[in-house]
J.: 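Here it is: the structure, laid out below.
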Amino acid sequence: MSEIYFENEYIIVKPSYRQTRKHKHNMLHLFVGKHRLKLTVDEGIITGSIIILEKDLLHMAPEGEMEYFLFIDPTSRLAEEIRINYLKGANFFAGDDKLLSGEGDLDAVDIKRRLLSYFGNDVFMKKQDLDERVVQMLGEIDSFMYAGKRISDIAGIYGYSESYLTHLFKHETGVPLKNYMLMRQFEYAWIMINKGEKITEAVLEAGFASSSHFSDVCRRLTGISAMDVLKELE
């Protein structure tokens, strides 16, 4: 069974699966292999023990044995650091560095320690420099204040029209508000299910129309089939 750990600006996944369907999402990816990984992108085949992908890039899981991978919040200071120092305007980065991997089976504490050593303390638990209204909204969404809510509900709270709010959010973050909320709904439902709440109740509480809607979103976000997603959540 895959192990999943939710942090403020990233999600750690230690996968039990090796293959996924082609998919894309609004989060950056950081794959860390026990050895060199191989991934096919539009530009060709890239290899490395570390592979970083920009958001909205169609991909599958890389070939090779993964130690773990990260989903990274595109509005975080961590994502900004990765774009500036690693991606440098490209859609991907591949390299070799054993600092992010390790001997034996790494747990979440080991992985977090390595991330701090690799990227430094200054980029964690922080958002990018954005409009203060958007920063406030991100904090509220990230705390699940709006779990089960619609964009129109948030617009009403802020006293904006829905079109203005979505334009402001996309302009500041580069991510559609609907998609960002969907990521957090997915996280909220997953947390509730792993706390023992029934799948149907958890997904409705998170704002999904049904269990099948949740499964479809999971498949689009992770590339895992609906049946496998539910199996991973058991």
J.: Looking at L106, is its backbone amide N or carbonyl O close enough to the side chain of K14 to form a donor-acceptor pair, meaning the two atoms are under 3.5 Å apart?
T.: yes

J.: Hey, can you pull the donor-acceptor pairs under 3.5 Å for the side chains in residues 168-175, sequence neighbours left out?
T.:
residue : atom : partner : partner atom : Å
E172    : OE1  : D131    : N            : 2.8
T173    : OG1  : F169    : O            : 2.8
T173    : OG1  : V175    : N            : 3.1
T173    : OG1  : V175    : O            : 3.2

J.: Using side-chain heavy atoms (C-beta onward) and a distance below 4.5 Å, is L28 in contact with F71?
T.: no

J.: Sequence neighbours left out, what passes side-chain hydrogen bond (donor to acceptor under 3.5 Å, both in side chains) with D110? Give chain and number order.
T.: R113

J.: Any chance CE of M60 has more than 12 other-residue heavy atoms, nucleotides or ligands included, within less than 6.0 Å?
T.: yes

J.: Quick one: are Y180 and T75 in side-chain contact, heavy atoms under 4.5 Å?
T.: yes

J.: Are side-chain heavy atoms of Y10 and L78 found at a separation under 4.5 Å?
T.: yes

J.: Return each pair, listed once, that meets salt bridge (Lys or Arg N to Asp or Glu O under 4.0 Å) where at least one residue sits in residues 139-152; pairs must be two or more places apart or across chains.
T.: K127-D142, D142-R184

J.: Provide the full list of salt bridge (Lys or Arg N to Asp or Glu O under 4.0 Å) pairs with a residue in residues 4-13, sequence neighbours left out, each pair given once.
T.: E7-K112

J.: For K88, check side chain to side chain contact (heavy atoms under 4.5 Å, CB included) against everything at least two apart and list the hits.
T.: none

J.: Measure the shortest side-chain to side-chain distance between P15 and M66 over non-hydrogen atoms and say whether it is less than 4.5 angstrom.
T.: yes

J.: Do the side-chain N and O atoms of Y5 and D107 include a donor-acceptor pair separated by under 3.5 angstrom?
T.: no

J.: Are the side chains of L116 and F124 in touch, meaning some heavy atoms are under 4.5 Å apart?
T.: yes

J.: Can you list everything that forms a side-chain hydrogen bond (donor to acceptor under 3.5 Å, both in side chains) with H59? Sequence neighbours excluded, please.
T.: H23, H29

J.: Not counting sequence neighbours, which residues clear side chain to side chain contact (heavy atoms under 4.5 Å, CB included) with N85? List them please.
T.: E81

J.: Does the side chain of T47 come under 3.5 Å of the side chain of R36 through a donor N or O and an acceptor N or O?
T.: yes

J.: Sequence neighbours left out, what passes side chain to side chain contact (heavy atoms under 4.5 Å, CB included) with T40? Give chain and number order.
T.: I45

J.: Rounded at 0.5 Å granularity, tell me how far NE2 in H167 sits from OG in S161.
T.: 10.5 Å

J.: Knowing that exactly one of I12, L100, I11 qualifies, which makes a side-chain contact (heavy atoms from CB on, under 4.5 Å) with L70?
T.: I12

J.: Are there over 12 heavy-atom neighbours, none belonging to H213, within less than 6.0 Å of that residue's NE2?
T.: yes

J.: Hey, are the side chains of V13 and Y68 touching, using non-hydrogen atoms and a 4.5 Å cut-off?
T.: no

J.: With a 4.0 Å cut-off, would you call R77 and D122 a salt bridge?
T.: no

J.: Would you call M27 and K55 a side-chain contact if the rule is heavy atoms closer than 4.5 Å?
T.: no

J.: Using a 6.0 Å cut-off, check whether atom NZ of K178 has over 12 heavy atoms from anything other than its own residue.
T.: no

J.: Which residue pairs satisfy the salt bridge (Lys or Arg N to Asp or Glu O under 4.0 Å) criterion with at least one member in residues 189-201, sequence neighbours excluded?
T.: none

J.: Not counting sequence neighbours, which residues clear side-chain hydrogen bond (donor to acceptor under 3.5 Å, both in side chains) with S210? List them please.
T.: S212

J.: For residues 24-34, which residue pairs qualify under salt bridge (Lys or Arg N to Asp or Glu O under 4.0 Å), counting only residues two or more places apart or in two chains?
T.: K34-E65

J.: Using modelled atom types and a 3.5 Å cut-off, is there a donor and acceptor pairing between side-chain atoms of N26 and backbone atoms of N179?
T.: no

J.: Going by the rule side-chain hydrogen bond (donor to acceptor under 3.5 Å, both in side chains), which residues pair with S117 if we only count those two or more places apart in sequence or in a different chain?
T.: none

J.: Is there a side-chain contact between L53 and N91 (heavy atoms, below 4.5 Å)?
T.: no

